[in-house]
Amino acid sequence: MLSRFMSGSIRNLEREYNCTVRLLDDSEYTCTIQRDAKGQYLFDLICHHLNLLEKDYFGIRYVDPDKQRHWLGFTKCIAKQMKSQPPFTMCLRVKFYPPDPAALKEEITRYLVFLQIKRDLYHGRLLCKTSDAAMLAAYILQAEVGDYDPGKHPEGYSSKFQFFPKHSEKLERRISDIHKTELIGQTPEESELNFLQKAQELETYGVDPHPCKDVSGNPAFLAFTPFGFTVLQGNRRVHFLNWDEVTKLKFEAKTFHIYANQKEDKKIILTYFAPTPEACKHLWKCGVENQAFYKLDKSSQVRTVSSSNLFFKGSRFRYSGRVAKEVMEQSAKIKREPPEIHRAGLVPSRSCPSITHGPRLTSVPRQRRRAVHISIMEGLESLRDSAHSTPVRSVSHGDSFMPRHRHHTTDAGEGGSSQRVISDEAYCPSDSVLPTPMAEHSLELAVARHPNGAPCSIEEEESEAGTPEGQVAEFGPDGRVLRLGRTRKSLPNKEVQELHKFTLSVLRMFLVTMGLLFALLSLLIMLTESDLDIAFLRDIRKTPEFQQFHFEYFCPLRRWVACKFRWMGGFLIDK
């Protein structure tokens, strides 16, 4: 009896696993779920934990063992999607940015979107003019510390926050001036709402960049926003297509195509190349989902789409969920007491360090900071080709991706209305190597900054997949990171892998073709030689076309084959 009970308990444990989800405030939600649980169950648990009703804008993101980002499918089993062993680690993120954040029904939803956009601003995905950047940072400051108080906020207090990947002392002074004079009396709710309204006006609002290359080999970033499809190169937007103009998205291997109809029936096709086929497929899925969410009027209009026109190749995908208009209609029906939001008790956000986090690395001697930055960049060099959609800054990308010195930013940042916060370098929306917050044991990495005050390229999004396999960090006596590298492994040659894939594709096509020919031959023999008296066979046999084919082609062919067989039989007998 005891052994039966123990075996039953073991089986129950094998059917369950732990799952940790990093929330937008960097706190963690851990739960135990069944092995066959689907993504919708986990998502509902998190929304219940957050007391969130307007949940259609959010999603759960994870990274597979190949460092490729994915959105968790709600209709599929979680364990089958993860492609790794439990326990699983994922992140809650905004998947569909609301076109008008001020129109959100509940404050809890606006607050979570505020946390996401604050994270986007810190990691360089939300580009803006210097004047806009100062206003956005001041709103964050007002929301977190309240009104300016000379007793609590000494000179240079805004420098304790890191709002952007990098910024100048002049910009810090401008942030402090706005906070001191223009935002007095605003509550956290008002500051957050003003922040959202200001961010919504920017061109890069809602951008989740996917690194690609154009047909000339130039680096570009593709993104899907609430208003359409956009392409970013350098510090500017080179293409923008409204969702009504986009007619089709498709991909083949690493190649991604966008078909669109512009004014005066002008048809265009944009072609870009992703780093890997997996990254291209992720890009395609994100585009299909965003187009369905923002463009359609009803979820019943959603159709299954194919990635390619080839008959025996390609992926099929269908967006599941409500569309934006349905979400807004459903939100208008919410009638409950506004849930309480606990801002003060939140875990300090590593995407925007609190004023209590201590001084920035500017207090460290410049030579020491430069050595830390160079050693980290050397370690990151081996990861520059990883297949997730968050772009990786690497010293091998050319001068356009090299960080400039801080005094250049100081001079150029205030130069003109067209200048951006990261105006001295090409558009690089994120410095992170993995799209998740880093693990707790690696928090020291967050302290390391570039000489210009920018974060050291691994901060935001690492704990979705945990510490990458084979990655090692060397720490000095004071606990600071001296080097981040990757252990060498015997990986197969990429060319050999591509050859294997091509061989398998050709073999698969050959087998399918032979199968079809065999099926057609079997059907032909059944029509001409069998005596089966089936209605549809009888009707086919009576058609003039089939009778002509039978007497003019099939009968001579059959006599020829029979003659050859008789000849071969006689030849073998004579032997």
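This is a predicted model, so every value here is computed, not measured. We use all heavy atoms of the structure for the numbers below, so side chains are in, but hydrogens, waters and symmetry mates are not.
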Task: Option passing ring pair (Phe, Tyr, Trp, His ring centres under 6.0 Å) with Y97 (candidates F293, Y57, Y205) - done: Y205

Would you give me the side-chain donor-acceptor pairs under 3.5 Å for residues 219-231, sequence neighbours excluded?
from: T225; atom 1: OG1; to: F227; atom 2: N; distance (Å): 3.2
from: T225; atom 1: OG1; to: G228; atom 2: N; distance (Å): 3.2
from: T225; atom 1: OG1; to: G228; atom 2: O; distance (Å): 3.0
from: T230; atom 1: OG1; to: H239; atom 2: O; distance (Å): 3.3

Compile the donor-acceptor pairs under 3.5 Å between side chains in residues 320-333 and protein atoms, sequence neighbours left out, one pair per line.
from: R322; atom 1: NE; to: D56; atom 2: OD2; distance (Å): 3.3
from: R322; atom 1: NH2; to: D56; atom 2: OD1; distance (Å): 2.7
from: K325; atom 1: NZ; to: D297; atom 2: OD1; distance (Å): 2.4
from: E326; atom 1: OE1; to: S299; atom 2: N; distance (Å): 3.4
from: E326; atom 1: OE1; to: S299; atom 2: OG; distance (Å): 3.2
from: E326; atom 1: OE1; to: V323; atom 2: N; distance (Å): 3.3
from: E326; atom 1: OE2; to: S299; atom 2: N; distance (Å): 3.0
from: E326; atom 1: OE2; to: S299; atom 2: OG; distance (Å): 3.3
from: S331; atom 1: OG; to: E54; atom 2: OE2; distance (Å): 3.0
from: S331; atom 1: OG; to: V327; atom 2: O; distance (Å): 2.8

Task: For R318, all residues meeting salt bridge (charged side-chain N to carboxylate O under 4.0 Å, His left out), sequence neighbours excluded - done: none

Task: Close side-chain approach of V207 and L126, heavy atoms under 4.5 Å - done: no

Task: Inter-residue atom distance W560.CH2 - F565.CZ, 0.5 Å rounding - done: 9.5 Å

Open item on the list: Tell me the closest heavy-atom pair linking P86 and Y17, and the distance in Å.
Closed with: CB-CB, 3.6 Å

Task: Contact summary for R69 and D208, nearest pair of heavy atoms - done: NH2-OD1, 2.8 Å

Task: Under 3.5 Å: donor-acceptor pair, side chain of K298, backbone of L296 - done: no

Task: Non-hydrogen atoms of T89 and M82 that approach each other most closely - done: O-CE, 4.4 Å

- [ ] Return the orientation label for the W243 and Y294 ring planes: parallel under 30°, perpendicular over 60°, tilted otherwise.
- [x] parallel

Task: Residue pair V305 / K248, side-chain heavy-atom distance below 4.5 Å - done: no

Task: Expected output: side-chain S505 to main-chain K501 donor-acceptor under 3.5 Å - done: no

Task: Exam field: side chain D214 to backbone S216, donor-acceptor pair closer than 3.5 Å - done: yes

Open item on the list: Are there over 12 heavy-atom neighbours, none belonging to Q85, within less than 6.0 Å of that residue's CD?
Closed with: no

Task: Y319 side chain near K285 side chain, heavy-atom distance below 4.5 Å - done: no

Open item on the list: Just to verify, what does R559 make a side chain to side chain contact (heavy atoms under 4.5 Å, CB included) with, not counting sequence neighbours?
Closed with: C555, P556

Task: ring pair (Phe, Tyr, Trp, His ring centres under 6.0 Å) partners for F554, two or more places apart - done: H550

Task: Residue pair G73 / Q81: nearest heavy atoms and the distance that separates them - done: N-OE1, 2.6 Å

Task: Reported CG-to-CD distance for the pair L127 and E203, which is rounded to 0.5 angstrom - done: 9.5 Å

TODO: Assign the ring pair Y259 / H257 to parallel, tilted or perpendicular, where the plane angle (0 to 90°) is split at 30° and 60°.
DONE: tilted

- [ ] Determine the minimum heavy-atom distance between Q291 and L249, stating which atoms define it.
- [x] OE1-CD1, 4.1 Å

TODO: Taking the side chain as every heavy atom from C-beta outward, state whether I258 and V246 have any atom pair closer than 4.5 Å.
DONE: yes

Task: Heavy-atom side-chain proximity of P98 to V113 below 4.5 angstrom - done: yes

Task: Beyond-backbone contact of E106 with I334, side-chain heavy atoms, under 4.5 angstrom - done: yes

List the atom pairs, with distances to 0.1 Å, where a side-chain N or O of residues 37-47 and a protein N or O form a donor-acceptor pair under 3.5 Å, not counting sequence neighbours.
from: Q40; atom 1: NE2; to: D44; atom 2: OD1; distance (Å): 2.9
from: D44; atom 1: OD1; to: K55; atom 2: NZ; distance (Å): 3.0

Open item on the list: Can you give me the closest heavy-atom contact between V21 and L92, atom names plus distance?
Closed with: CG1-N, 3.8 Å

